[in-house]
Amino acid sequence: MVDFSKELNEVQHNAVVDFNGPSLIIAGAGSGKTRVLTYRIAYLLSHGVNPRSALALTFTNKAAREMKERIGSLVGEQFSRRLWMGTFHSIFARILRTEAEYIGYKSSFTIYDTTDSKSVIKACIKELNLDDNVYKVGDVMGRISMAKNHLVQAKVYQNNHTLTAEDAATRKPRIADIYLLYEQKCKLSDAMDFDDLLLNTNILFRDHPEVLKKYQNMFKYILVDEYQDTNRAQYLIVKKLAETHHNVTVVGDDAQSIYAFRGARIENILNFRNDYPEYKEYKLEQNYRSTQTIVNAANSVIRYNSRQLQKNCFSDDEVGDKIAIIESYTDQEEAFLVASSISEAIYTKHADYNDFAILYRTNAQSRAMEDALRRKNIPYKIYGGLSFYQRAEVKDIMAYLRLSVNHDDDEAFKRVVNYPARGIGSTTMERLQYAASAASMSLWDAVTTLDFSETGVKPAAVKKLTEFTELIMSFTTQAFTTDAYDFALNVAQRSGMISVMREDKSPEGLGRLENLEELLNSIKEFSDTYQREEDEVDAVVSITEYLQDVALLTDADNEKPEDRNKVSLMTVHSAKGLEFTYVYVVGMEDNLFPGGGALMSPVDLEEERRLFYVALTRAEKKVTLSFSQTRYRWGNIVSNPPSRFLKEIDEEYLESSVFHRQIDDADDEEDDNNDDRQPIIRKPERTIIVRRPSLAKPHQPSSDFRPDDPSEIEVGMDIEHERFGFGKIEAVEGAGGERKAVVTFKEHGKKTLLLKFAKLKICR
DNA sequence: TCCGATCTATTTTTT
DNA sequence: ATAGATCGGA
């Protein structure tokens, strides 16, 4: 038995032991929230609560996995394994698969990711003959998502005057129609999008009281992490499930609510006391992560927000270093200074690379940082950005797998019907889609059941389509009885994907092949782990199980071991819940952080401020903030004033010398003799857009320009390039199709060119 | 039907 | 800067 009083302070201990009835745990940043949650669950289990009757909902898969591990090490893996612990999406996807028939889905339903959803919406807009300049896919999707989060289905939406009036006001009166068609198409494809997982769970519980009853009785204890980031649909699910036992524990920090933009309602945590008047409240206010300076500085910033739960966060740690501010002229210089600062800290403080994180507001900012780090030979890893699962080649093979399991998955069908090329072009697909839509059928059913003599699809095309469905059919016959890895490998080969990809010998093509391999490896890994967990040794782990799991994974969920000791680069959003010894927040400029849209709206600005609060409180020992006077954006140079958040930090927590120098700079040498200690940063309200300096006038090739045979190129030659002009060959490397030349051009500097493609004329 | 060249819109943030 | 979309030619 674990001694639960050890390692816990008094409030934490109470929050752990007192596990009956509704509890609100307000957990400031770094206050040991995860520890309390894990211990509380472990405590439950060690007091005879059946793990199957505890439901623990987290925000990320990673959080769930880590918590499960820790609980496992406290009370034994045989208990923790049986817990219902995971993200809202994964837990309720699981429940929906079990209960699918109640709401008219198959238990093998597909989960559409954002790309799939967008593609379907695009098709809807097209089918309704609407202008896609007026009906932007992203806007429409946002609107539909908002509706679903409020449990408004398409029919209801159409009849809701408030909603339709809003759409009319934005001159998009037909969003309701798009929504309806979208809903039909998803249903027809036996597919749910992310929001559907929550919406349909609500519908399931609403329309089938006996099912609701079953889960209400089953989940005697419900715990929700990051409660401040739940949306309305999630809130309602929790509320319903908790009705019988009222044993609901929510943990969160209103100051760290940063997902309002996707429907999270900070009210959920603010109003907990209204929902459960008999609730008990625990405030975890002592920060064990950061120095006093960091905690106090963060407090001084968050004070500017109006709506929040009262709490008094403090640290008993050392006072620590003040917050440093790095100022630079360009974003490249910013990156260079940050990288240098990291190098120096590693040297002087004997820190490891993984003690450092560079946080930014937008993913686009990572590039400059990467360049600088690479130049300084600092190893780094990037979170977010283009997810592994979003890569074209990964989506392609996944589409084959999905289609093999669910023939009605139209998105998968469209994706691979002509990849590798089978001579099924857009004309054929257009006709097929028209026919399918007219008959309210999936594309698959249209191919296999409709008579095409009247629909205009040419007999030759029909033959090709039939060959395609037969190919998939041959996969399907193995899909449920073959091991997931064997199956996927087989599909990759027999679909022709691998041979097509092998033909592409370019570096990118090679990378794609590697990605495919990596995916196959991860399927293998999945199959192996799952196998071990199943008690029957000979049970086959089929691809269906993999597909159901993978739809809700993000690349944060497969960390590679070789990435352990590296500097972390990520957005502030994805840093939530993490901690690092040294944190750099870059791009501290108005219009970037806080982001452009937020400067106008107080509500949005408060969310940005919470985001900044999150950023600051990631750090254990030291925070460094940086901003740049100019920055590349959309190929232009823009100039923004330093972030207003900088001046919201109490001056006493800043390395003032640096800060004051900046103020003088920003003050346009207005008052040189101003000894006032007020840290006022002047705010040019508008963004100054500096036109891009016209570096390179396009090169006019000589009249006799005619590329020479690339095999003649040798080091030292003077050459002319069609676009880059004149230059000198510095080096030649590689051979055959991979032969590359490093050229220094007069106007464009050093470039590496693949000789296979570069058209070079030798100047003799 | 396929491929490439040109044009365009795009930037918050993600389960 | 760049990826995706569109359009025209082979």
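Throughout, protein chains are lettered first and strands after them, A, B, ... in sequence-line order, and every chain is numbered starting at 1. It should be emphasised that the depicted structure is a prediction, and the values quoted were computed from it without experimental measurement.
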State whether A:Asp116 and A:Lys395 are salt-bridged, where the test is any N-O pair (Lys NZ or Arg NE/NH1/NH2 against Asp/Glu carboxylate O) under 4.0 Å.
-> yes
Using atom P of each nucleotide, how far apart are C:dG4 and B:dT13 to the nearest Å?
-> 15 Å
Are A:Asn363 and B:dT14 close enough that a side-chain N or O sits under 4.0 Å from OP1 or OP2?
-> yes
CD of A:Gln365 versus P of B:dT11: gap in Å, rounded?
-> 15 Å
Any A:Arg633 side-chain N or O less than 4.0 Å from OP1/OP2 of B:dT10 | no
Send over the distance from A:Asn636 CG to C:dA1 P, rounded to a whole Å.
-> 9 Å
From CZ of A:Arg512 across to P of C:dA3 the rounded distance in Å is 12 Å
A:Thr114 side chain N/O closer than 4.0 Å to the phosphate oxygens (OP1, OP2) of B:dT14?
-> no
Take atom NZ of A:Lys118 and atom P of C:dA5, then tell me their distance rounded to the nearest Å.
-> 11 Å
Would you find a donor on one side and an acceptor on the other, under 3.5 Å apart, between the side chain of A:Glu183 and the backbone of A:Gln153?
-> no
N or O in side chain of A:Thr428 less than 4.0 angstrom from B:dT1 OP1/OP2 = yes
Any stacking of A:Phe261 on B:dT13, going by centres under 5.5 angstrom and planes within less than 30 degrees?
-> yes
Considering only side-chain heavy atoms of A:Thr362, which listed nucleotide, C:dT2, B:dT15, B:dT13, is closest?
-> B:dT13
Under-4.0 Å side-chain N/O to phosphate OP1/OP2 contact, A:Asn418 with B:dT1 = no
Nearest-Å distance, CZ (A:Phe194) to P (B:dT13)?
-> 16 Å
Side chains of A:Ile111 and A:His89: does their closest heavy-atom pair fall under 4.5 Å?
-> no
For A:Asp139 and B:dT11, what is the distance between atoms CG and C1' respectively, to the nearest whole Å?
-> 14 Å
Taking only Lys NZ, Arg NE, NH1 and NH2, and the carboxylate oxygens of Asp or Glu, determine whether A:Arg367 and A:Glu370 approach each other closer than 4.0 Å.
-> no
A:Lys136 near the nucleic acid: base, sugar-phosphate alone, or nothing, with a heavy-atom cut-off under 4.0 Å?
-> sugar-phosphate
With sugar-phosphate meaning primed atoms plus P, OP1 and OP2, does A:Gly425 contact a base, only sugar-phosphate, or nothing at under 4.0 Å between heavy atoms?
-> sugar-phosphate
Can you tell which of B:dT14, C:dA5, C:dT2 lies closest to the side chain of A:Arg367?
-> C:dT2
Quick check: are there more than 12 heavy atoms from other residues, nucleotides or ligands sitting under 6.0 Å from NZ of A:Lys240?
-> yes
Separation of A:Asp132 atom CG from B:dT8 atom P, in whole Å?
-> 14 Å
Look at the side-chain N and O atoms of A:Lys464 and state whether any lies under 4.0 Å from the OP1 or OP2 oxygen of B:dT1.
-> no
Starting from P on C:dG4, measure out to CZ on A:Arg415 and report it in whole angstrom.
-> 10 Å
Is A:Phe59 touching bases, backbone alone, or none of the nucleic acid, heavy atoms closer than 4.0 Å?
-> sugar-phosphate
Are the side chains of A:Val416 and A:Met497 in touch, meaning some heavy atoms are under 4.5 Å apart?
-> no
Phosphate OP1/OP2 of B:dT15 contacted by A:Ser90 side-chain N/O (<4.0 Å) = no
Closer than 4.0 Å, any side-chain N/O of A:Thr60 to the OP1 or OP2 of B:dT14?
-> no
Could you say whether A:Thr427 or A:Tyr259 is positioned toward the 5' end of DNA chain B, judged by the nucleotide with the nearest heavy atom to each?
-> A:Thr427
